[in-house]
There are 2 protein chains.
Amino acid sequence: MNNLFKALNDSTRREILEILKDKDLTAGEIADQFNISKPSISHHLDLLRQAGLVVSVKDGQYIYYSLNTTVMDEMLKWIISLQSHKNKS
Amino acid sequence: MNNLFKALNDSTRREILEILKDKDLTAGEIADQFNISKPSISHHLDLLRQAGLVVSVKDGQYIYYSLNTTVMDEMLKWIISLQSHKNKS
DNA sequence: AAAGTATTTAGATATTTGTCTAAATATATA
DNA sequence: TATATATTTAGACAAATATCTAAATACTTT
């Protein structure tokens, strides 16, 4: 879960996930939505990929990124397990 | 949500939350469970408190920490909203 | 009041992180 | 094949972070 929490601990990366919610996009299309250089966005995409939160597929000179939410299942379970905690004594 | 993801992006802090799941504990009792200095644990507790994930109550010379999971509601909603994304076209 | 215990604050340091520009790689097109 | 486009890799740098030791604060006990 380390990589996952690390990937989510950045507002730019969280925004990337949000825009991928609607539609798969190329790296360039993603970068166009931020005031950050393309190499920086590329680096963010790499961290998201390492966490498994996005999947990349090459199509010609483009690379399409898409959201993968299944990796969050374990994290969700962890959070929910915390929520069922003891009551005040 | 920034403070929340930041607080969760550290395995020591996540472990602290796990041990507080069972029982409220003093700062010292928490520190005893880690091979990390007390000041460092104190700092971790401060970050958890800033995120609202723990609440501290002073009792004499002790400070009791307890888990507060309600602050994760917004985060959970955000994660779940990501999960209902478009299907592959 | 003095000494002991619990915890935090202050300040230092090494590591990690987010960002940039410049260069490299890969594909497409004229 | 030469040029343009899309993306990443490399290397640098400033800011943030996790940790430490030493000192300060606050409470308790003798």
Side-chain angles (χ1 to χ4, degrees), chain A residues 1-20 22-68 71 75 89, chain B residues 1-20 22-68 71 75 89:
Chain A
M1 285 200 306
N2 246 313
N3 277 348
L4 200 50
F5 278 114
K6 179 159 86 173
L8 292 174
N9 185 31
D10 180 274
S11 64
T12 299
R13 289 194 288 272
R14 291 197 299 272
E15 268 191 72
I16 290 174
L17 298 179
E18 285 172 14
I19 63 180
L20 287 176
D22 301 323
K23 195 166 177 291
D24 297 352
L25 294 172
T26 68
E29 288 170 331
I30 293 168
D32 287 346
Q33 309 219 25
F34 296 91
N35 282 325
I36 294 177
S37 72
K38 277 179 217 282
S40 294
I41 294 293
S42 184
H43 180 235
H44 283 308
L45 289 170
D46 190 43
L47 292 177
L48 289 170
R49 209 177 35 65
Q50 278 176 45
L53 284 164
V54 302
V55 174
S56 65
V57 174
K58 191 161 192 173
D59 179 20
Q61 78 194 126
Y62 297 93
I63 298 179
Y64 277 89
Y65 281 88
S66 55
L67 184 59
N68 176 40
V71 291
M75 188 186 68
S89 51
Chain B
M1 285 200 306
N2 245 314
N3 277 348
L4 201 49
F5 278 114
K6 179 160 88 172
L8 292 173
N9 184 32
D10 181 276
S11 64
T12 300
R13 288 194 289 271
R14 291 197 298 273
E15 269 192 70
I16 290 174
L17 297 180
E18 284 172 15
I19 63 178
L20 287 177
D22 300 321
K23 194 165 175 297
D24 297 352
L25 293 172
T26 68
E29 288 170 333
I30 294 167
D32 287 346
Q33 311 220 23
F34 296 90
N35 282 326
I36 294 176
S37 70
K38 276 179 217 283
S40 295
I41 294 293
S42 184
H43 179 235
H44 284 307
L45 289 170
D46 190 43
L47 292 177
L48 290 170
R49 209 177 35 67
Q50 278 176 44
L53 284 163
V54 302
V55 174
S56 65
V57 173
K58 191 161 190 174
D59 180 19
Q61 78 194 125
Y62 298 94
I63 298 180
Y64 278 88
Y65 282 88
S66 54
L67 183 59
N68 176 40
V71 291
M75 188 186 70
S89 54

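Below, read A as the first sequence line, B as the second, and so on, with proteins coming before strands; counting in each chain starts at 1.
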Q.
Applying side chain to side chain donor-acceptor pair (under 3.5 Å), can you list everything that pairs with Thr12(A), at least two apart in sequence or on another chain?
A. none
Q. Taking atom P of dT17(D) as reference, at what distance in whole Å does atom CZ of Phe5(A) sit?
A. 17 Å
Q) Should Ile30(A) and His44(A) count as side-chain neighbours, where that means a heavy-atom distance under 4.5 Å? A) no
Q: Kindly write out the residues that satisfy salt bridge (Lys or Arg N to Asp or Glu O under 4.0 Å) with Lys38(B), not counting sequence neighbours, or none if the list is empty.
A: Asp32(B)
Q: Check Gln33(A) against Glu29(A) and note the closest heavy-atom contact, atom names and distance.
A: CG-O, 3.4 Å
**Q.** Heavy-atom pair with the smallest gap, counting every atom of Leu20(B) and Ser66(B)
**A.** CD1-C, 4.3 Å
Q.
Nearest 0.5 Å, please: how far is CG in Leu4(B) from CG in Asn9(B)?
A. 11.5 Å
**Q.** Selection: residues 51-64 of chain A, any non-hydrogen atom under 4.0 Å of DNA chain C
**A.** Lys58(A), Gly60(A), Gln61(A)
Q | Distance, rounded to the nearest Å, where Lys38(B) contributes NZ and dT21(D) contributes P | A | 13 Å
**Q.** Partner set under side chain to side chain donor-acceptor pair (under 3.5 Å) for Asn68(B), not counting sequence neighbours
**A.** Thr70(B)
Q) Say you draw a straight line from OH of Tyr65(B) to CD1 of Ile41(B); how long is it, rounded to the nearest 0.5 Å? A) 11.0 Å
Q. Taking DNA chain D as the partner, which of residues 8-19 of chain A come within under 4.0 angstrom of it by heavy atom?
A. none
Q | Nearest-angstrom distance from the residue atom CG of Leu25(A) to C1' of dA6(D) | A | 15 Å
Q. Which pairs, with at least one residue in residues 2-16 of chain B and sequence neighbours excluded, count as a salt bridge (charged side-chain N to carboxylate O under 4.0 Å, His left out)?
A. none
Q: Give the rounded distance in Å between these two atoms: CG of Asn35(B) and P of dA18(D).
A: 18 Å
Hey, can you pull the donor-acceptor pairs under 3.5 Å for the side chains in residues 47-63 of chain B, sequence neighbours left out?
{"from": "Arg49(B)", "atom 1": "NH2", "to": "Asp46(B)", "atom 2": "OD1", "distance (Å)": "2.4"}
{"from": "Gln50(B)", "atom 1": "NE2", "to": "Asp46(B)", "atom 2": "OD2", "distance (Å)": "3.2"}

Q) Is the closest side-chain heavy-atom distance between Leu25(A) and Ile16(A) below 4.5 Å? A) no
Q. If you walk 5' to 3' along DNA chain C, what is the first nucleotide with an atom under 4.0 Å of a heavy atom in chain A, and what is the last?
A. dT17(C) to dA28(C)
Q | Residues in contact with DNA chain D, drawn from residues 40-48 of chain B - heavy-atom cutoff 4.0 Å | A | Ser40(B), His43(B), His44(B), Leu47(B)
Q) Residues in side chain to side chain donor-acceptor pair (under 3.5 Å) with Ser37(B), at least two apart? A) Ser40(B)
Q. With a non-hydrogen cut-off below 4.0 angstrom, is Tyr65(B) in contact with a base, only sugar-phosphate, or nothing?
A. sugar-phosphate
